[in-house]
Every structure is written in C-alpha cells, then in structure tokens.
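See structure below.
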Amino acid sequence: MPRSQVTLDLGAIRRNARTLLRALDGAELWAVVKADGYGHGAVDVGRAALEAGAAALCVATVPEGLALRRSLGPVRLLVLGPAEDAELGPAREAGLELAIADGAVPEGVRTHLKLDTGMGRWGLGELPAPGRDVVGLMSHFASADSDPEFTKLQLQRFLEATAPYAQLTRHIANSAGALRFREARLDAARCGIALYGISPFDGDPSADGLEPALRWESALAQVKPLAAGESTGYGRRFVAERPTWIGIVPVGYADGFRRDLTGTEVRVAGEPCRVVGTISMDAFAVELPGELPVGTPVTLLGDGILAEAHARVAGTIGYEIATGIRRDPERARRLVVDS
C-alpha cells in the first residue's frame with residue numbers, strides 16, 4: 001500500500017499560467033517543465049500550461065524533450081541544457097530547439113544562442129553573428145529574486161549585445177524576472193517555479209497571485225504516549241519534558257521528506273503540529289495535541305503548509321523540496337485533479 005499520496009491540481013497550474021501571462025503583458029510565456037515538471041509531472045503540467053496560453057515548453061535535456069514530443073505532439077520545445085553530439089540527430093528529427101552556449105552551432109536545428117551576461121554558467125562570452133538556423137537569443141538572470149542592480153546590469157548587457165538582431169526572439173527573464181522587472185519581459189519569459197505556485201522569492205506565493213499546485217498527504221500509522229524523559233527517533237534528539245503524545249508518519253527521507261526538516265510543521269487533522277526527533281528513512285514523528293486515532297490524516301504540503309516554509313527550516317529553496325518528492329508507485333500514490 002502506498003505510504004502517501006501526491007496530488008497535482010491542473011486547475012492551479014492553469015491559473016498560475018494565466019497570472020504569469022497577465023504579468024507578461026504581451027510577452028510569450030514559455031513554461032519550464034524540466035526535472036519532470038519540478039517533480040509535478042512534466043506531461044500533465046505541460047499540457048495544462050499550453051491550454052492556459054503558454055507558447056512553448058522548456059526542458060533541460062534532449063531525452064526530456066523527446067519524451068514530451070512523444071506525449072504532447074507538435075508543440076514548441078526548447079532544450080535549455082547542452083546536447084551531446086549523438087543527440088543532435090534525434091533532436092533534429094523531433095523538431096526540438098536547442099540552446100547553444102558553447103562550440104559550433106549545429107545545422108538543420110532551430111537554435112537559440114545563449115549569452116553569459118553574469119550567471120557564470122552556460123553561455124557564450126561573446127555573441128557571434130546569428131546564422132540562418134538561429135531563431136532566438138537568450139541569457140539567464142543570476143539573482144532576479146534578490147539583487148535588482150545586478151539584474152538590471154545583466155539586462156543592459158543583453159540588450160546591448162542583441163540590439164543588432166532585434167528581429168530574433170529575445171528572452172532572458174525567469175519567474176522572478178518576469179514578476180519584478182517589466183523591462184526584462186522582452187519577447188518571451190521562461191517561467192518555471194512560479195508556474196507551480198511556489199514563490200521565487202521564498203515568501204508566500206499568494207503575494208504574487210500564485211497558488212501551490214501540489215498536495216502531499218499521509219496518515220498517522222502509530223500513536224503512542226511518551227513519559228517525561230522518554231525519547232523518539234535516532235540520537236534521542238527529542239526527549240519529552242512532560243507526558244506527550246506523538247504520532248508516527250510512514251514517510252521519511254527516502255520519500256523526499258528530508259532529514260533536515262526536523263522542527264517544521266505539518267497538519268494533523270487540519271491542525272498545525274511540529275515534526276520532532278530525527279527523521280528516518282521511512283518515518284518521522286510529530287508532536288500531537290493529544291491522543292488521536294491511527295489513520296488520522298496528515299498534510300505534508302497543502303492547506304497552508306508551504307514548500308517555502310519547509311525550505312526555510314531545511315536551509316534550502318522550494319525548488320528542492322518539490323523536486324525531491326518521490327512519486328514511485330511503491331512509495332506514493334499519484335493523483336491528478338482539475339479544480
């Protein structure tokens with residue numbers, strides 16, 4: 001029996017896409033669905049985003065693009081990461097578009113030249129004159145969520161370098177750039193995290209009109225009392241100071257509920273409760289307000305339990321929380337709804 005249930009709400013994906021389109025004010029939305037849609041399911045998310053008005057989908061690798069081509073048919077697909085020589089033929093045959101950040105520009109493939117304006121990662125140091133197969137010019141913001149001055153400098157560098165080729169599609173903005181920098185929206189914006197209703201600013205997504213699209217639920221598998229001085233979990237990290245009821249949830253770091261989430265909150269029967277003790281591979285403990293029956297619902301994400309809040313406890317970002325959830329059938333049941 002699955003240990004938990006992960007639910008994707010396609011309605012939330014569509015509403016987030018429309019929110020981004022309103023913010024883009026005429027620029028195209030290119031939905032980023034790499035890493036299996038940030039752990040949400042690339043095919044389902046991609047289809048919903050396109051239905052809501054997205055003009056293209058972006059992935060990280062050629063195999064990701066090929067998988068979407070088989071599932072979604074003749075949609076526009078851009079591969080953001082580098083392609084190996086052996087992948088060029090399949091990419092050409094499948095009509096994928098490739099981001100070129102180094103080396104020669106392949107022939108017979110629609111390409112986007114990627115200029116490094118300050119990310120210091122993939123990207124050309126100088127922009128060559130675009131050839132006949134180049135359809136786009138692109139770059140990537142390093143800190144649109146936190147450093148407006150550097151973001152503006154990157155945009156200035158990009159606009160200056162691409163000014164002679166304004167007839168090509170130009171795109172640089174990510175989710176944070178699209179939501180905060182009107183002048184950076186250009187012809188298209190590649191939005192990922194905001195599409196899933198997770199804030200690119202590590203805050204409350206509702207502040208930007210976004211809603212989380214993923215819900216993660218389990219249930220209490222055991223309920224037991226601890227006397228004062230008794231502990232739960234490895235290393236005795238939680239020792240009860242007074243008589244305390246705890247519940248054991250059959251989800252652990254092997255399921256994506258990270259070991260460093262001790263202290264975060266989940267909801268048990270709709271009420272916020274603190275995760276205590278060391279999180280195990282297959283279970284964690286939660287402090288209860290009193291005795292509750294086995295089978296009581298536990299919400300790990302949803303109902304106000306945000307990926308951003310878990311991320312703050314773990315010292316990471318919401319992206320990693322979402323992409324780390326395992327949806328293997330033997331670990332979790334996956335459900336797709338459309339609200």
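The residues of the chain are indexed from 1 along the displayed sequence.
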Check the pair Asp204, Glu308 against side chain to side chain contact (heavy atoms under 4.5 Å, CB included), reporting the backbone distance first and the verdict last.
-> CA-CA 7 Å; Asp204 188 334; Glu308 297 87 344; over 6 Å; no
Chi angles and distances behind the salt bridge (charged side-chain N to carboxylate O under 4.0 Å, His left out) call for Glu64, Lys34: CA-CA 7 Å; Glu64 285 183 343; Lys34 61 183 180 178; over 6 Å; no
Quick one: do Arg331 and Asp282 satisfy salt bridge (charged side-chain N to carboxylate O under 4.0 Å, His left out)? Show the steps, please.
CA-CA 10 Å; Arg331 308 287 298 196; Asp282 306 304; 3.0 Å; yes
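A donor and an acceptor atom, one from each side chain of Arg47 and Ser71, are nowhere located under 3.5 Å apart.
Taking the charged nitrogens against the carboxylate oxygens, Asp145 and Arg180 have no contact shorter than 4.0 Å, which rules out a salt bridge. The residues Arg92 and Asp133 are annotated as not salt-bridged, no charged nitrogen and carboxylate oxygen being separated by less than 4.0 angstrom.
At a threshold of 4.5 Å between non-hydrogen side-chain atoms, the residues Val79 and Glu87 do not count as touching. Side-chain contact between Tyr38 and Val45: absent, with no pair of heavy atoms (C-beta onward) separated by less than 4.5 Å. Counting heavy atoms from C-beta outward, Leu220 and Leu288 have side chains that approach closer than 4.5 Å. When side chains are defined from C-beta on, Phe284 does not count as touching Asp255, because their heavy atoms never get closer than 4.5 Å. Leu127 is listed as a side-chain neighbour of Thr162, based on a closest heavy-atom distance under 4.5 Å.
Annotation: the span from Tyr234 atom OH to Met281 atom CE amounts to 8.0 Å, rounded to 0.5 Å. One finds the CG atom of Asp9 at 7.0 Å from the CG atom of Asp338 (value rounded to the nearest 0.5 Å).
Test Glu160, Gln154, His140 against Thr117 for side chain to side chain donor-acceptor pair (under 3.5 Å) and you get one pass: Gln154. The residue from Asp44, Asp328, Asp36 that alone fulfils the salt bridge (charged side-chain N to carboxylate O under 4.0 Å, His left out) condition with Arg334 is Asp44.
Ring orientation note: the planes of His40 and Tyr196 are tilted relative to one another, at an angle of 30° to 60°.
More than 12 non-hydrogen atoms from other residues, nucleotides or ligands lie less than 6.0 angstrom from CD of Gln167. Heavy atoms of other residues, nucleotides or ligands lying less than 6.0 angstrom from CH2 of Trp122 number 12 at most.
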